[in-house]
Amino acid sequence: MMEDTLSKTAQANKLLLEFWSDFQPHSVQEFRDYLKKNNIVTVGSTHISSAVYTAKHQGVLERVDRGSYQAGINFQKDGAVPLKKKDGIQFVLQQTKRVLSIPISIMDLSPKEREFIPRLQELYQECERMLEELERDKDENEVSEERDR
């Protein structure tokens with residue numbers, strides 16, 4: 001039973017690093033919503049609280065307001081980027097997609113900056129396509145590995 005809890009807390013830690021990797025302030029509730037939106041129901045409230053508490057004490061997250069945190073001074077030092085090459089690529093694509101999904105106020109942009117918007121949208125869609133392709137490859141590999149046993 002203890003192992004199960006540890007793995008869920010570890011999973012919450014990994015997801016926390018993904019979620020706050022845009023270095024923007026977010027509330028713990030936004031993190032919970034993000035998990036719900038991505039159908040990550042295995043990570044419960046206790047695991048989330050534990051991960052946030054630990055991250056705060058390790059300087060991985062810093063408190064900016066009540067229930068709101070952003071990436072802290074030790075954020076990068078934490079093992080945020082997976083070591084396996086394919087996981088690393090997937091991680092970078094997820095981060096890129098996440099950062100590209102941050103809303104931009106068009107009113108504040110110069111005409112030159114506005115020209116980038118369609119290209120940024122294309123980049124977001126390309127990240128999505130590449131992530132889907134990686135998922136498909138992973139699923140196919142898992143199926144063929146099961147067949148080989």
Side-chain angles (χ1 to χ4, degrees), residues 1-56 58-62 64 67-106 109 113-149:
M1 184 65 196
M2 189 66 181
E3 262 179 48
D4 190 37
T5 305
L6 284 174
S7 63
K8 286 180 181 176
T9 302
Q11 191 181 357
N13 285 327
K14 182 176 172 283
L15 295 162
L16 177 144
L17 290 170
E18 285 174 19
F19 183 72
W20 267 281
S21 66
D22 62 356
F23 291 86
Q24 298 300 308
H26 297 288
S27 70
V28 175
Q29 187 55 52
E30 285 176 89
F31 181 47
R32 286 190 173 111
D33 294 342
Y34 165 77
L35 296 177
K36 253 186 236 153
K37 195 177 93 186
N38 289 291
N39 293 320
I40 303 165
V41 290
T42 54
V43 178
S45 211
T46 316
H47 309 112
I48 293 168
S49 298
S50 176
V52 170
Y53 179 84
T54 303
K56 189 176 84 175
Q58 292 173 344
V60 174
L61 288 182
E62 64 183 41
V64 287
S68 194
Y69 301 88
Q70 69 184 23
I73 52 166
N74 293 331
F75 189 85
Q76 292 297 65
K77 292 178 196 159
D78 210 289
V81 181
L83 297 175
K84 283 177 161 173
K85 283 188 178 126
K86 196 167 184 181
D87 286 348
I89 291 167
Q90 193 167 3
F91 179 83
V92 169
L93 286 170
Q94 286 167 339
Q95 300 318 315
T96 306
K97 185 180 155 194
R98 188 130 190 282
V99 171
L100 288 170
S101 70
I102 298 169
I104 299 170
S105 173
I106 296 173
L109 301 180
E113 288 171 324
R114 285 186 190 147
E115 289 174 22
F116 286 111
I117 299 238
R119 289 163 65 191
L120 289 170
Q121 288 169 328
E122 283 173 31
L123 184 57
Y124 179 87
Q125 289 165 346
E126 185 60 26
C127 283
E128 261 186 345
R129 280 193 292 273
M130 291 167 77
L131 282 165
E132 285 168 11
E133 198 176 311
L134 283 172
E135 275 305 307
R136 260 197 316 276
D137 287 354
K138 198 167 86 176
D139 292 345
E140 285 169 15
N141 286 345
E142 284 172 6
V143 168
S144 66
E145 281 173 19
E146 284 172 19
R147 236 185 274 128
D148 293 345
R149 284 185 194 142

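Predicted model, so just to flag it, every value in this text is computed and none were measured. Side chains are part of it too, since the values below use all heavy atoms of this structure and drop only hydrogens, waters and symmetry mates.
Between L93 atom CG and L134 atom CG the span is 6.5 Å, to the nearest 0.5 Å. Atom CG of residue L100 and atom CD of residue Q121 lie 10.0 Å apart, to the nearest 0.5 angstrom. Between E30 atom CD and L35 atom CG the span is 12.0 Å, to the nearest 0.5 Å. How far CD of E126 is from OG1 of T96: 11.5 Å, rounded to the nearest 0.5 Å. Within the model, atoms CD of Q58 and OH of Y53 stand 11.0 Å from one another, a figure rounded to the nearest 0.5 Å. Note that CG of L61 and CG of L17 are 8.0 Å apart. Values are rounded to the nearest 0.5 Å.
The backbone N or O of T46 lies less than 3.5 Å from no partner atom in the side chain of S50, so there is not a single donor-acceptor pair. Checked by atom type and distance alone, the side chain of W20 pairs as donor or acceptor with a backbone atom of Y69 at under 3.5 Å.
In this structure, K97 and L131 approach most closely via the heavy-atom pair CD-CD1, 3.9 Å. Contact between L16 and A55 at its shortest, heavy atoms only, is CD2-CB, 3.9 Å. P25 and V64 make their closest contact through CB-CG2, 3.7 Å (heavy atoms, listed as atom of the first residue, atom of the second, distance).
With contacts defined as side-chain heavy-atom distances shorter than 4.5 Å, the pair N13/V60 does not qualify. A heavy-atom distance below 4.5 Å is found between the side chains of K36 and D33.
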Salt bridge (Lys or Arg N to Asp or Glu O under 4.0 Å) assessment of R119 paired with E122: CA-CA 5 Å; R119 289 163 65 191; E122 283 173 31; over 6 Å; no
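Every side-chain hydrogen bond (donor to acceptor under 3.5 Å, both in side chains) that S45 has, sequence neighbours left out, goes to R32. Remark: E18 engages K14, L15, Y34, F91, Q94, Q95 in a side chain to side chain contact (heavy atoms under 4.5 Å, CB included) (not counting sequence neighbours).
The aromatic rings of F19 and H26 sit tilted relative to each other, their planes meeting at an angle between 30° and 60°.
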